[in-house]
There are 2 protein chains.
Amino acid sequence: MAGVRLQDVAEHAGVSMKTVSNVVHSHPNVSAAMRERVQRAIDELGYRPNAIGRRLATGRTGLIALAFADVRLPYFSELANVISKAAAATGPGYRLLLEETEGTIEGERAVLSASEAGLVDGMLLQPSRMSSREIAERHGDLPMVLLGEGPAPLSVDRVMVDNVAAATAATEHLAALGRERVAFVGHERSGMSSTSRQRIMGYQEGLERHGLPVDHDLLISTGAITSQDAAIAVGAALDRGVRFDGLVCRDDLAAIGALRALHERDISIPDDVAVIGWDNIAFAATTFPSLSSVAPNTQALARVALDMLAERIAGFDGIGRHRVVDFDLVLRESAPALASTDAPGGELASVHAGSAHAISA
Amino acid sequence: MAGVRLQDVAEHAGVSMKTVSNVVHSHPNVSAAMRERVQRAIDELGYRPNAIGRRLATGRTGLIALAFADVRLPYFSELANVISKAAAATGPGYRLLLEETEGTIEGERAVLSASEAGLVDGMLLQPSRMSSREIAERHGDLPMVLLGEGPAPLSVDRVMVDNVAAATAATEHLAALGRERVAFVGHERSGMSSTSRQRIMGYQEGLERHGLPVDHDLLISTGAITSQDAAIAVGAALDRGVRFDGLVCRDDLAAIGALRALHERDISIPDDVAVIGWDNIAFAATTFPSLSSVAPNTQALARVALDMLAERIAGFDGIGRHRVVDFDLVLRESAPALASTDAPGGELASVHAGSAHAISA
DNA sequence: GTGAAAGCGCTAACAC
DNA sequence: GTGTTAGCGCTTTCAC
C-alpha cells in the first residue's frame, strides 16, 4: 500500500512516531518486545518509508548526477556501469541520475545550471567544451568531481588518465614493432577537444623518441567521433596516397572504422598496418583482427572519483585535487605484443603518475 | 549561494512567500513592478528553488527509473539515450534514474522492492528473468510500464516489438536470397530468455514458410550474451562440421561474433554465409562487411512507453495495455537487399501489428 | 526506552 | 494582486 505514513504505523501500533522511526533505523535503544510490535504494524500496513520526506529532513538525497556527452558511446556506457556499481557500494549507497550533454556547450551549461537545487548530493561531470573558468563559475557549491582530461579549474577535483603518457606508450609500442610511418586517426576536424589534443601530443612525443617522421599528412581527422566517419577519413587518406604502417587511433570507434577502411582495400592487419585503439571497449576483443587498445583503469577512476565526491559531500572544502589513475596497453592481434614481452603483464614502460602495463589478450 | 530559501527572498524583497512563488512559477497574476522587484531579490541572493521541498509539497519528483540488465549492452545504451531525450520532452520534463539488474532475478527484485517509496514517479522496466506473476505482485502501486518481450502480467502496461514477426521477416529475407541452410545463433545455452524463445519461434516459422530444414544442429547457443561467446560457439559449430549458408542472430553482438568466426576461417560473407543481426546498433554500419539487422523502432517505443507511463502517473488505473511498435529490416552488405527490392524503403513484407520495411543502407 | 513537537523548503488553499 | 497558514513525511532534539 502506498500512502501509509510513519504516523499511521505509530497509531496502528499505539506508539509514537519516534519509536517507529527507531525501529525502521534499527536503533539499539528499543526493547525487543517493542520492536516486534512495531514491526508487525509495519508489515500489516505494508509501510515503506517515503524517500522524499526523509530527504527533506536529512538534506541528503542519496542521488548523484553522472553527466557526460552521450551514453551511446561505449566508453561512457562502460563508465556508467562501473560508476553505478561503485556508487551503490559507497557510503549510504548512491544512485545515479543520468545526464547527457551531447558534447555541446549548451548541454554542459544546462547540466550545471539546473534551475533546481538539492535534487542530487553531488555531480560527476566529464566536460568537453566548457572552459575551466566557466566550470568554476557555474558549479556554485554543488559538490563536484570532474572526469577525464578536459578543462578543469584548479578549484575543482578531477580524475583522469595521463593521456599524453598513454598515447606515447601506444606510439612507442608501434615503433617497437618496427613501424616507421605511424599515423594518428580520429581527432575532430574542427573544434578539437582537449582529449584529442593530449593524445596527439603523446603521439608526437612517441614518434620523436624513436626518430620517426612527424608529418601533417599523418594526422587523419574526422568529421564526427564515429566509426563511420573514421572509415571514410582513413579510406580517403589511403585513396589519396597517404602511406602508413601503424595507426594510433583516438579511440576504439576510430580504430574500428580504420579496420573497415583497411579491409575494404585488402590491406592486411597487422602485417601491412598495425592498429592501436583507445578505451578497450568490449568489441575490441571480437573485431577481426582483434584490437589492441589503451585501457584506462575505469575501476580506479570510479573509485577515486566517488571517494573524492563523498568527501566533498561530507563537507570537505579544500582546493581542488587532481588525481591520475593508471592505464594498461592491452595487446591483441591488431598490434601484437613483442616476442620478448609476450607474457601477460610484461612491463612495457613505466610512465609518470601511473604505469603502463602491456597485457596480451 | 546555497541555503537561500524562498522565505529569504521574500524577506529580502519585503513581500510574502506566495508572491515569490508566483514569480518563480511565472504566474500571470502578478504585477510587472512586483515581478521585477522579486526577480531582483532572487538574482541578488542567487536563489534556486530546492527540488526536494517542492517535491514533498507536490508529491511529484520528476524522476523516472529506467531499469534494464546492463547499460553496457549497446541496445540498452541506445534505449537509455532515446528515452532520456523523450523523457525530457514529456510533460514537466522527466529525468532518468539508471538502474541495472544485471539480468538476474535478484537484480530485478531489488529494483522493484526498493525499500524506499516515492523517490521516482514511475518506472520503465525491461525484465528478463522475473515471472509475470512476481512482477504483478511486487510492483505495488508504482506506476510502471514494461519494455520488451519479456514476461508481462496482463495488469501492467507493456511496449514491445513483435519479435516473432521480425525473426520471421529476417529468416524469410535469407530464404529470398536463396539460402537453404539457415542457422540461428546466440540464444542462451541454459535458462533461455523469452527474447530468445520468441526469436527462435519466428525463425522456425520463416524456415517452414519456405520449406527449409528445421534442424537442431542449426541452433547454435552461447554461454553468455556476448560477441566473444558467439565467436567461440560459431567457430566450434563450424569446426565440428555444421554447415550453413545463412545466419539469423539473436542480436548484433552475436552477429559480430559470428562475423569474426567466419573471417577466421576465411568464409566469405555474404557469398558463403549471409548474416542478419538484431538491434541495428551503431557498429552494424562499420563492421566488415557491414551488418544487416532488425531495427526495432526505439523512438516509437520510447514515445509510447512514456505516454503510457505519464497516464499512469496522472492516475490512470485501467487494465494493462500491451502495445506493439514496428521495426525495420536494415539491409547492408552481410545480407544485401534483393535486386528487385533494391530501392531504399522497398516494402519487403507486411506483418501483423507492425510493418517490416526493408531499408538498404 | 519512549513521547511531543519543532522544523526541513515548498505549495496551495483560502482570506484579504 | 498579495499575504497567511496549514500541511507534505520524516528526523531529531529534548523532555519524561
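Source: prediction; values computed, not measured. Quick note on labels: first sequence line is chain A, next is B, and so on, each numbered from 1.
- Between Ser16(B) and dG3(D), a side-chain N or O to OP1/OP2 separation shorter than 4.0 Å is present.
- Ion pair Arg48(B)/Glu116(A) not flagged as a salt bridge, since none of the NZ, NE, NH1 or NH2 atoms sits closer than 4.0 Å to an Asp/Glu carboxylate oxygen.
- In this structure, Asp8(B) pairs ionically with Arg5(B), as a charged nitrogen and a carboxylate oxygen lie closer than 4.0 Å.
- Under the rule for a side chain to side chain donor-acceptor pair (under 3.5 Å), the partners of Thr90(A) that lie at least two apart in sequence or sit in another chain are Arg303(A).
- In this structure, the side chain to side chain donor-acceptor pair (under 3.5 Å) partners of Glu108(B), at least two apart in sequence or on a different chain, are Ser128(B).
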Which parts of nucleotides 7-16 of chain D does protein reach within less than 4.0 Å, heavy atoms only, written one letter per nucleotide 5' to 3' as B for base, S for sugar-phosphate only and - for none?
BBBBBBB---
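- Between Arg37(A) atom CZ and dT2(C) atom C1' the separation is 11 Å, expressed in whole Å.
- Within the 4.0 Å cut-off from OP1 or OP2 of dT2(D), at least one side-chain nitrogen or oxygen of Ser31(B) is found.
- A 4.5 Å side-chain heavy-atom check between Arg321(B) and Arg312(B) finds at least one atom pair inside the cut-off.
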